[in-house]
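Read through the structure below, which is laid out as structure tokens, and then see the notes.
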Amino acid sequence: MEDELQIAMAELDEEKTLRLVNERIQAGHSAVDIIESCRRGVEIVGEKYSDSDYFLSDLIMSEEILKEVMRILEPHIPVKGTNNRFLPIVMGTIEGDIHDLGKNIIIYLLRSSGLEVIDLGVDVTPEKFVQAVSESKAAILGISVLLSFCVGSIKKVVDLLTDAGLRDQVKVVVGGYPVNQEVKEYTGADFYANDVTEALKIYRDILGIGGGPVSGC
Ligand code: B12
């Protein structure tokens, strides 16, 4: 099915993208659906960049538009108070990688569901991930990766967690454009997701909260 919003995003048509986002909010579409259309559009931006039809400036433009989309959406995503029933979640983008738009969206949605998320930021070393899990006693570690050549560092995180005797206490979830079953198996992670719906389902399943608080918006 042709998605006008996805196409506007792929064509880097800022005005049309933001207009369609506003229209969809008014029409009662969920924030998750709107984010997903934009993500698929940005994926096409990446493909055009690979084919040399787009340039680095276009990647930067897609970042700017997506940030604007989130500025529009955030007030429509209800924020709940922190629910102390759950241990904190640690999240970060792996060493060598500075992509953070997807990670920040997931963090926003988790926090809006009342979950405590410790955001380590971008370019996070394996050692720092392990230290954060150890100190926070996190039950879930989420690692974002967009650059394929950084996947090896995720395996290092999992190996270091095992060495530190922490592997059984924490579920490792990897997310981002290049992740798939193969990446999950290679890194030793427990779960993977490369879209927002699947990501939220994984968190819900791990926390055992069915249709509960992890953002159903
Ligand atoms: C925007 C963008 C940029 C922006 C990043 C801005 C920012 N603050 O993040 C800028 C311009 C800075 C950039 C830089 C570069 N980029 Co870039 N970039 C992109 C682009 C177009 C979109 C990424 C994005 O934000 N998508 C939208 C979000 C919402 O989607 P997402 O990240 O996939 O996240 C979703 C899911 O994956 C998931 N998710 C994400 N993280 C996590 C974590 C967990 C735990 C879970 C559960 C789920 C989850 O949930 C999110 C919500 O749906 C991609 C193309 C693509 N296909 O992804 C290229 C892309 C990732 N970039 C690429 C490249 C090559 C680069 C550069 C090396 C370019 C250069 N020559 O300098 C640099 C690298 C800099 C660095 N060291 O990291 C390549 C990577 C190729 C590869 N296979 O390794 C891509 C794939 C483009 C391409 N096709 O060539 N980039």
Side-chain angles (χ1 to χ4, degrees), residues 5-6 9-12 17 21 30-70 73 77 89-110 115 117-124 129 133 138-154 157-158 170-180 182-184 187 189-207 214-215 217:
L5 177 55
Q6 176 184 335
M9 187 77 220
E11 290 175 348
L12 299 171
T17 301
V21 168
S30 78
V32 164
D33 285 348
I34 294 172
I35 291 168
E36 231 357 70
S37 290
C38 293
R39 188 196 60 75
R40 287 196 299 268
V42 171
E43 203 171 296
I44 296 170
V45 173
E47 284 160 17
K48 290 191 178 188
Y49 173 75
S50 292
D51 296 342
S52 303
D53 291 333
Y54 275 177
F55 303 99
L56 188 56
S57 55
D58 296 308
L59 294 188
I60 295 169
M61 185 64 191
S62 73
E63 172 186 7
E64 289 309 316
I65 300 176
L66 202 54
K67 280 183 175 164
E68 279 305 315
V69 169
M70 286 312 291
L73 286 179
I77 303 172
I89 294 166
V90 170
M91 293 263 300
T93 300
I94 194 69
E95 183 172 37
D97 195 335
I98 61 157
H99 293 86
D100 66 356
L101 299 175
K103 168 184 74 67
N104 292 346
I105 288 171
I106 301 292
I107 290 176
Y108 187 87
L109 293 174
L110 293 173
L115 297 167
V117 184
I118 300 167
D119 181 7
L120 301 179
V122 297
D123 192 14
V124 181
F129 274 116
V133 168
I140 307 178
L141 169 61
I143 306 178
S144 189
V145 62
L146 272 286
L147 297 177
S148 314
F149 61 82
C150 294
V151 163
S153 295
I154 299 180
V157 176
V158 177
V170 69
K171 295 286 180 212
V172 179
V173 188
V174 286
Y177 173 68
V179 303
N180 52 28
E182 209 180 314
V183 168
K184 175 182 118 50
T187 58
D190 298 297
F191 301 93
Y192 77 91
N194 39 31
D195 71 53
V196 68
T197 313
E198 183 59 25
L200 295 180
K201 182 181 179 306
I202 289 170
Y203 284 102
R204 235 183 258 129
D205 288 350
I206 297 175
L207 296 168
V214 177
S215 202
C217 53

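Just so you know, ligand 1 is whichever comes first in the structure, and atom 1 is the first atom listed for that ligand.
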Applying a heavy-atom cut-off of 4.0 Å, say which part of Tyr177 lies close to ligand 1: side chain, backbone, both or neither. both

Run the salt bridge (charged side-chain N to carboxylate O under 4.0 Å, His left out) test against Asp100 and tell me which residues pass, sequence neighbours left out. none

Tell me: protein heavy atom nearest atom 74 (C) of ligand 1, and distance? His99 CE1, 3.8 Å

Have a look at Leu147, Ile89, Leu141, Leu56 and point out the one with the heavy atom closest to atom 64 (C) of ligand 1. Leu147

Heavy-atom proximity to atom 24 (C) of ligand 1, best of Asp100, Ile105, Val42, Thr93: Val42

Cys38 heavy atom under 4.0 Å from ligand 1: no

Close approach of Tyr203 to ligand 1, heavy atoms, under 4.0 angstrom: yes

Regarding ligand 1, does [X] bring an N or O atom to under 3.5 Å of one of the ligand's N or O atoms?
X: Asp195; answer: no
X: Ile35; answer: no
X: Ser62; answer: no

Give a yes or no on whether a salt bridge exists between Arg40 and Asp195, defined as a side-chain N under 4.0 angstrom from a carboxylate O. no

With a 4.0 Å cut-off on N to O distance, would you call Glu36 and Arg39 a salt bridge? yes

Nearest heavy atoms of Leu56 and Tyr49, plus distance in Å: N-CE1, 3.6 Å

Minimal non-hydrogen separation, Leu66 against Cys38, with atom names: CD1-CB, 3.7 Å

If the cut-off is 4.0 Å to any non-hydrogen atom of Ala199, which atoms of ligand 1 fall inside it? 47 (C), 48 (C)

For Leu59, the ligand 1 atoms whose distance to one of its heavy atoms is below 4.0 Å: 1 (C), 11 (C), 16 (N), 17 (Co), 18 (N), 21 (C), 91 (N)

